[in-house]
Each structure stands twice: as structure tokens, then as C-alpha cells.
Amino acid sequence: MSVVYERVALIGLGLIASSMAHAMKQWGLAGSIAGHAKTEETRKTALEIGFCDEVFATAAEAAKDADLVVLAVPVGAMGAVAAEISPHLKPGATVTDVGSVKQAVVEAVAPHIPEGVHFIPGHPLAGTEHSGPRSGFATLFQNRWCLLVPTDGVPAEATARLRALWEGMGANVDEMDASHHDLVLAVTSHTPHLIAYTMVGVADHLRRVTESEIIKYSAAGFRDFTRIAASDPTMWRDVFLTNKEATLDILGRFTEELFMLQRAIRMGDGDFLFDYFTRTRAIRRGIIEAGQDTAAPDFGRVKAAK
Ligand code: NAP
């Protein structure tokens with residue numbers, strides 16, 4: 001593949017940024033990659049692993065001269081980073097982000113984008129429960145969606161170029177507006193995370209009663225909640241603080257459904273439960289048919305050889 005951006009600056013060097021850097025290097029999509037992270041330890045790690053060509057102690061130095069600046073910090077830190085880099089952005093450059101929430105990022109970042117710089121917020125729908133510069137890998141975005149939310153007045157060529165970068169990293173790209181994005185993600189990601197956190201929290205309280213049984217018999221379903229509930233606390237705190245409206249809306253609907261199921265169990269309404277679970281099973285089939293998960297038993301977990 002050919003170079004899409006001559007110089008890319010990554011602000012934040014955790015799971016998403018390091019995966020982007022590995023992918024850009026593997027498929028030759030960037031001429032050079034500059035990076036900045038808050039701590040010296042992360043900056044050193046990025047150089048040691050080699051996914052950045054240069055690292056800088058400030059975001060401003062990293063962003064200077066870049067053709068593409070990627071904000072890959074927690075959502076709550078985006079505004080301050082944008083304010084810092086703003087006077088140093090090159091005319092004609094593109095600024096994007098990878099934040100899990102879009103309306104709050106647009107509100108925090110857009111006021112700092114100077115005339116002549118293109119701001120195209122984005123969100124790759126890919127991740128793991130691991131974080132930090134050592135957790136990234138080049139294939140994270142393969143066959144995953146990346147949603148772009150171009151802001152008013154951004155030239156079509158700038159969006160097409162960013163799209164080419166994501167496609168080069170293996171992603172499928174779609175465009176949508178910020179509020180629609182936040183509602184869709186509240187259903188598909190944010191509320192499910194909240195429910196997983198709650199279920200693991202319930203088990204944590206029960207632990208005192210049941211001792212180690214929760215861990216021992218966790219394969220019965222609880223284990224899959226714990227994977228989601230192990231996600232980065234800073235990132236998820238920021239998601240709920242910034243996607244408040246949509247999450248509360250979906251959580252309200254969730255609570256209503258839960259009460260319906262609770263009532264069906266109390267009344268012994270087996271038909272209701274059976275029909276409900278039949279509909280939910282069809283959704284799982286749709287996800288597999290769309291290539292978004294494996295149909296292998298137990299989520300394709302490979303059993304350790306005996
Ligand atoms: P991560 O692995 O925890 O990395 C975050 C990085 O941001 C770290 O390098 C951290 O530096 C840096 N950072 C934090 N505050 C900063 C600041 N004020 N200035 C400069 N650097 C700062 O996080 P991630 O999972 O890559 O997430 C990054 C973004 O992607 C978030 O907005 C998140 O919502 C979004 N996202 C995450 C996922 C996912 O599943 N993880 C998926 C899609 C999108 P230090 O290491 O030095 O502290």
C-alpha cells in the first residue's frame with residue numbers, strides 16, 4: 001500500500017494509538033510517526049517497541065508539522081490537548097480522534113481548531129480489555145467498523161483521505177452524525193459495559209458469602225462479564241460522564257425490560273420467556289452473519305493443550 005499521510009502525530013500512546021502505529025507501519029501508510037503520551041515511561045516504551053519514530057515531551061511538539069494528528073487520549077482529556085496543540089497545527093492538516101463518545105468530543109475540540117485545519121472526529125469500534133503502549137497490535141482494526149463524523153465545511157478530499165487510512169488498516173468505514181453515533185454506541189457498547197460492571201459488582205458483594213465459588217464456576221457466563229468489566233476505568237468513567245443522555249435513555253429501557261422478565265419469571269410465564277429468548281438468539285445470528293464475531297463454541301476460545 002502507499003503512504004496516505006507523510007507525517008502522523010499520535011497524542012496518547014495506549015491500546016488504540018499503538019495499534020494504529022503498528023498497522024500504519026505494517027502496511028506502509030505513514031511516512032513517519034511522531035508520538036506524545038503523558039508519562040515518560042510510556043514515551044520510552046513507544047520508542048523501545050519502535051512503533052513511533054520520534055517521541056516528544058509535549059503534545060504541541062509532536063503535532064507541529066504533522067499532516068494528521070490523532071487524539072487518542074481519554075475523552076475527558078481531549079479538550080485540553082486540543083487547546084495545547086491548536087497554535088502549532090500546520091495549515092491543511094487534519095485532526096481526528098478515536099474517542100468512544102462523539103458529541104462531547106466535538107464540543108470540547110472544535111472550538112480549538114484553527115481556520116484551514118480539518119477536524120474529522122472518528123471512532124474505531126475495536127478494542128480489548130487491555131490498555132497501555134504494550135497492548136497494541138497491527139490487526140486490531142481488521143474487519144471492524146470505524147465511524148467518521150465529519151464536521152461542517154470539511155472538504156470531501158480530507159474525509160476521503162482519512163477513510164483511506166482506516167481502510168488501509170483493515171477497517172470498514174461509515175459516516176454518521178455525532179448524536180446518532182452516541183445513541184447507537186449507548187446500545188451496542190456503553191450500556192452493556194455498565195451492565196457487566198454491575199453484574200461483576202453484585203458477585204463481588206456475594207463473594208463474602210460464597211467464598212471462591214464465583215471464580216471456580218465462572219465459566220457458566222459470569223466469566224464473559226468479567227472480561228468486559230476489566231476494561232480501563234479512566235476510559236469508561238469518561239464515557240459515562242460524556243455520553244450521559246443516551247446511556248440514561250438506554251438504561252431506562254433496559255430497566256423496563258428487566259422488570260418485564262422479572263414479572264414473567266414470578267408469574268411462571270414460560271411462553272413469554274421462550275419468545276423473548278428466541279428473538280435475542282436471532283440477533284446473535286445476525287452478528288455472526290455480519291462477520292462481527294465467530295460462531296465457534298465458547299466464542300472460539302482455544303482450550304490449552306493437555
Ligand atoms: P489507553 O490504552 O489507556 O491509553 C491512553 C493514552 O493516553 C496513554 O498513552 C496515556 O498516557 C495518554 N494520556 C492520557 N491523558 C493524557 C493527557 N492529558 N495528555 C497526553 N496523553 C494522555 O487508552 P485507549 O484504550 O488507547 O483509549 C484511547 C481513546 O480511544 C479513548 O478516548 C477511548 O475512549 C478510545 N477507544 C478505546 C477503545 C478500547 O476498547 N480501549 C476502543 C475504541 C476507542 P500515559 O500512558 O503516559 O498515561
Side-chain angles (χ1 to χ4, degrees), residues 100-101 123 125-130 143-145 147 172 174 176 179-233 235-237 239-241 243-304 306:
S100 306
V101 174
H123 179 200
L125 307 188
T128 74
E129 67 277 31
H130 300 294
N143 201 29
R144 297 283 160 245
W145 284 97
L147 302 177
N172 308 311
D174 244 349
M176 64 173 65
S179 66
H180 188 65
H181 167 279
D182 289 358
L183 183 64
V184 170
L185 267 291
V187 180
T188 57
S189 169
H190 304 168
T191 310
H193 271 79
L194 199 69
I195 294 164
Y197 281 124
T198 314
M199 195 55 230
V200 177
V202 167
D204 186 40
H205 292 132
L206 268 179
R207 199 180 45 192
R208 270 146 240 143
V209 185
T210 60
E211 299 290 332
S212 66
E213 279 179 335
I214 286 172
I215 305 294
K216 189 170 162 190
Y217 302 124
S218 64
F222 178 69
R223 181 183 63 184
D224 299 316
F225 277 111
T226 62
R227 188 191 68 73
I228 297 177
S231 301
D232 187 68
M235 169 182 157
W236 285 95
R237 176 202 60 196
V239 165
F240 294 118
L241 291 179
N243 198 17
K244 195 169 166 176
E245 302 288 312
T247 309
L248 289 177
D249 176 13
I250 301 305
L251 208 51
R253 290 163 192 261
F254 172 79
T255 314
E256 284 168 20
E257 300 273 322
L258 195 61
F259 279 138
M260 271 162 48
L261 288 173
Q262 193 177 7
R263 187 180 152 75
I265 293 169
R266 191 184 308 284
M267 306 302 281
D269 190 345
D271 289 346
F272 180 89
L273 294 172
F274 187 85
D275 289 348
Y276 199 98
F277 301 155
T278 303
R279 286 202 308 276
T280 55
R281 186 177 231 195
I283 292 179
R284 172 76 188 158
R285 271 202 299 273
I287 289 172
I288 291 160
E289 276 160 26
Q292 294 300 302
D293 205 355
T294 168
D298 202 17
F299 303 101
R301 282 192 178 97
V302 180
K303 296 269 174 282
K306 296 222 164 126

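Fair warning: this is a prediction, and the values are worked out from it, not measured in the lab.
Across A229 and A196, no two heavy atoms sit closer than the pair CB-O, 4.0 Å. The shortest heavy-atom contact between L241 and K244 is O-CB, 4.3 Å. Smallest separation of non-hydrogen atoms from R227 and E129: CG-OE2, 3.2 Å. For the residue pair R144 and A126, the shortest heavy atom distance occurs at CG-CB, 3.8 Å. I214 and A203 get closest at one heavy-atom pair: CD1-O, 3.4 Å.
The main-chain N or O of L185 is never found under 3.5 Å from a side-chain atom of S189 such that the two would form a donor-acceptor pair. Distance alone, capped at 3.5 Å, is enough to place a donor-acceptor pair between the N143 side chain and the G291 backbone.
V200 places a side-chain heavy atom less than 4.5 Å from the side chain of F222. When side chains are defined from C-beta on, I195 counts as touching T191, because their heavy atoms get closer than 4.5 Å. A heavy-atom distance below 4.5 Å is not found between the side chains of M260 and E256. Counting heavy atoms from C-beta outward, L125 and T188 have side chains that stay 4.5 Å or more apart. I250 is listed as a side-chain neighbour of L183, based on a closest heavy-atom distance under 4.5 Å.
We find the CG-CG distance between N243 and D182 to be 4.0 Å, quoted to the nearest 0.5 Å.
For the side chain to side chain contact (heavy atoms under 4.5 Å, CB included) criterion with H190, the lone passing option out of V101, V184, L251 is V101.
Relative to the ring axis of Y276, R279 places its NZ or CZ within 45° and under 6.0 Å from the centre.
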Start with the C-alpha distance between R284 and I288, add both sets of side-chain angles, then the distance that settles side chain to side chain contact (heavy atoms under 4.5 Å, CB included), and finish with yes or no. CA-CA 6 Å; R284 172 76 188 158; I288 291 160; 3.6 Å; yes

Applying side chain to side chain contact (heavy atoms under 4.5 Å, CB included), run through Y197 and I228 and close with a yes or a no. CA-CA 8 Å; Y197 281 124; I228 297 177; over 6 Å; no

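No more than 12 heavy atoms of other residues, nucleotides or ligands shown are found within 6.0 angstrom of CD on E245. Around the CZ atom of R263, the shell of radius 6.0 Å holds no more than 12 heavy atoms that belong to other residues, nucleotides or ligands.
Note: H193 and W236 have parallel aromatic rings, judged against thresholds of 30 and 60 degrees for the angle between ring planes.
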